[in-house]
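The structure under discussion appears below in the form of structure tokens.
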Number of protein chains: 2
Amino acid sequence: MSDKLDIIRHREGHEVLDYDRYLQHLISVIANRLTSYSSSQYLSQFGLGSVEMRVLASLAYKPNQKAAEVCSLISIDKAAASRAMAKLDSQNLLIGETATPKGKQKRWSLSEKGWALHQRFLDVVLDRHERVVKEIDESELVQFVGTLHKLIKNIETLDTE
Amino acid sequence: MSDKLDIIRHREGHEVLDYDRYLQHLISVIANRLTSYSSSQYLSQFGLGSVEMRVLASLAYKPNQKAAEVCSLISIDKAAASRAMAKLDSQNLLIGETATPKGKQKRWSLSEKGWALHQRFLDVVLDRHERVVKEIDESELVQFVGTLHKLIKNIETLDTE
DNA sequence: ACCAAAAAGTTGACATATCAACTTTTTGGA
DNA sequence: TCCAAAAAGTTGATATGTCAACTTTTTGGT
């Protein structure tokens, strides 16, 4: 048991959570707000939700990927990816190429239309990001991102201990 | 336009998101994993979900609160709070007291049974927290929490600009 | 005390995230 | 080449988070 950054306070004889220090709470509040706000931006501006836009962005980042590789890159469930890619494909935002002429499974990339949407998406992402990190200087952000990566590493082993 | 901690990379003539630096992505991955893992812990151990447990914990932190005050403290929607409190109350985990004998709206606190469950909840929270922050030292966590609070402040004004 | 307005709470709907079960496709050994 | 096993993908279900519409309760002015 470590006493570093104690997340327990005492109140009238009871132990209670200290919300101001409880990482999971703080992180979840931020993530929920960001996801919700982004989703409403994407839906109103592009007619697609945040899942679809994240998949699209992942295929810009790394084209010619299988569905499973998209899942791995952006930490999304294969069920969500399946539905999102079906929707993107139905709107001709993707190009799917099979390894052989008779193959069924495809590697996906963005179509022209997909790339055009991706550029508009980036504009929205950057504008929002600027507002989110406003008045936080670069060195602090670098440190912060470093800690996020450490947390992700710890979280990967959560259910194996 | 600021160039601090650029979240855009260039790849084959295209601008793409740099996932390793894109805060929203990193934060969401952590929050989703933590919420999902916590929820399964609470459901299997207590038969209640994370929404119910968060409301319970908030009434430990600050007893004798109205539903709206619970919402404000833990940043939860009043719809979710309404459903969670109905469930907690149905299991006799709460005590509700009206301001006057004929009043209808109640201020909520934990019952004996509620406090007992809260103690078990804290054990689970602390165990998980230890694993999440493993090998990250206190000064780094203090800095990290400071940045989280700055982000929360920025996020509060997201839709007003 | 009454009533209109405000606040609080409830209910239904939908987006996101995840799991489990099932189907389809691919892979690799005989 | 054939087939069993593995991998990949699809579909349905459920938990969380949020919004909007509606109902109930409280508040405050007369």
Side-chain angles (χ1 to χ4, degrees), chain A residues 24-25 27-44 46-55 65-72 74-90 96 98-108 155 158-159, chain B residues 24-25 27-44 46-55 65-72 74-90 96 98-108 155 158-159:
Chain A
Q24 174 165 345
H25 175 70
I27 290 171
S28 293
V29 166
I30 295 168
N32 290 341
R33 180 76 185 105
L34 286 176
T35 297
S36 162
Y37 182 67
S38 306
S39 176
S40 69
Q41 283 187 302
Y42 302 152
L43 285 168
S44 65
F46 309 134
L48 292 166
S50 67
V51 184
E52 287 80 19
M53 297 310 298
R54 286 172 62 199
V55 169
Q65 297 293 288
K66 301 184 213 170
E69 292 165 338
V70 169
C71 292
S72 170
I74 61 175
S75 297
I76 206 176
D77 184 81
K78 64 180 181 173
S82 173
R83 287 180 269 248
M85 296 181 67
K87 186 158 190 177
L88 292 170
D89 190 38
S90 77
T98 55
T100 65
K102 9 184 138 277
K104 302 285 177 63
Q105 292 176 1
K106 298 174 177 173
R107 287 185 169 276
W108 299 94
I155 279 168
L158 255 193
D159 49 12
Chain B
Q24 175 165 344
H25 175 70
I27 290 171
S28 293
V29 166
I30 296 168
N32 290 341
R33 180 74 185 106
L34 286 175
T35 298
S36 163
Y37 183 67
S38 306
S39 176
S40 70
Q41 283 187 302
Y42 302 153
L43 285 167
S44 65
F46 310 136
L48 292 166
S50 66
V51 185
E52 287 81 20
M53 297 310 296
R54 286 172 61 199
V55 168
Q65 298 293 290
K66 301 185 212 170
E69 293 165 338
V70 169
C71 292
S72 170
I74 61 175
S75 298
I76 206 176
D77 184 82
K78 65 181 180 172
S82 173
R83 288 182 267 248
M85 295 179 68
K87 186 157 190 178
L88 291 170
D89 190 39
S90 77
T98 55
T100 64
K102 15 186 131 271
K104 300 286 178 60
Q105 292 176 359
K106 297 173 177 175
R107 287 185 168 276
W108 298 94
I155 278 168
L158 255 194
D159 50 11

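Letters go in sequence order (proteins before strands), and every chain restarts at 1.
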Proximity to the side chain of [X] - top-ranked nucleotide from [options]:
| X | options | answer |
| --- | --- | --- |
| S39(A) | dA13(D), dT16(C), dT11(C) | dT16(C) |
| K104(B) | dT10(D), dT16(D), dT26(D) | dT26(D) |
| L43(B) | dA15(D), dG9(C), dG12(D) | dA15(D) |
| K78(A) | dA20(D), dG9(D), dT18(C) | dG9(D) |
| S82(A) | dT10(D), dT11(C), dA8(C) | dT10(D) |
| T35(B) | dT16(D), dT16(C), dT18(C) | dT16(D) |
| V51(B) | dT26(D), dT11(D), dT16(D) | dT16(D) |

Check: T35(A) side chain, N32(A) main-chain N or O, donor-acceptor pair, under 3.5 Å: no

What distance do L158(A) atom CG and S36(B) atom OG have between them, rounded to the nearest 0.5 Å? 10.0 Å

Name the nucleic acid region contacted by [X], choosing base, sugar-phosphate or nothing; use a 4.0 angstrom heavy-atom cut-off, strictly under.
| X | result |
| --- | --- |
| A86(A) | nothing |
| S50(A) | sugar-phosphate |
| D77(B) | base |

D89(B) CG to dG9(C) C1': how many Å, rounded? 14 Å

Taking atom C1' of dA7(C) as reference, at what distance in whole Å does atom CD of Q65(B) sit?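 Between C1' of dA7(C) and CD of Q65(B): 17 Å.
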
Upstream residue (5' side of DNA chain D) when S28(A) and A68(A) are each assigned their closest nucleotide: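 Its nearest nucleotide lies further toward 5', so the answer is A68(A).
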
Comparing R33(B) with E69(B), nearest DNA chain C nucleotide closer to 5' gives the residue E69(B)

For K66(A) and for A80(A), locate the closest nucleotide of DNA chain C by heavy-atom distance; then report the residue assigned to the nucleotide nearer the 5' terminus. A80(A)

Check this for me: does any side-chain nitrogen of one of D77(B) and R83(B) sit under 4.0 Å from a carboxylate oxygen of the other?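 Salt bridge flag = no for R83(B) with D77(B).
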
